[in-house]
Amino acid sequence: MSLAGQAVGYGYCWRLLVTADKTPVYAAKGEGGQHLILILSKQVVVVILQEWSL
């Protein structure tokens with residue numbers, strides 16, 4: 001499964017993506033590199049917290 005899916009919608013600060021195998025993926029992007037990714041059909045939640053100070 002590739003998360004480089006095609007964006008099919010946006011609302012309430014969430015993006016709805018669809019992977020190559022048609023799996024829906026919900027994603028939110030915050031400030032400073034924060035990401036939240038939900039793949040409900042696979043019961044997966046990914047949280048990424050990072051901050052770049054260059």
Side-chain angles (χ1 to χ4, degrees):
M1 176 179 71
S2 169
L3 289 181
Q6 177 182 351
V8 294
Y10 178 81
Y12 299 105
C13 298
W14 288 92
R15 296 194 185 278
L16 175 58
L17 309 171
V18 178
T19 63
D21 65 352
K22 305 295 185 211
T23 301
V25 176
Y26 302 91
K29 181 179 179 183
E31 188 174 338
Q34 301 171 353
H35 299 274
L36 181 60
I37 301 168
L38 305 173
I39 308 171
L40 300 178
S41 63
K42 303 200 182 292
Q43 297 182 336
V44 171
V45 176
V46 178
V47 178
I48 300 171
L49 301 172
Q50 65 182 14
E51 185 173 333
W52 293 91
S53 306
L54 299 176

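With contacts defined as side-chain heavy-atom distances shorter than 4.5 Å, the pair Y26/I37 does not qualify. For the pair V45/L36, a side-chain contact is recorded, criterion being any heavy-atom separation below 4.5 Å from C-beta on.
In this structure, the separation between CG on L38 and CG on L16 is 11.0 Å, given to the nearest 0.5 Å.
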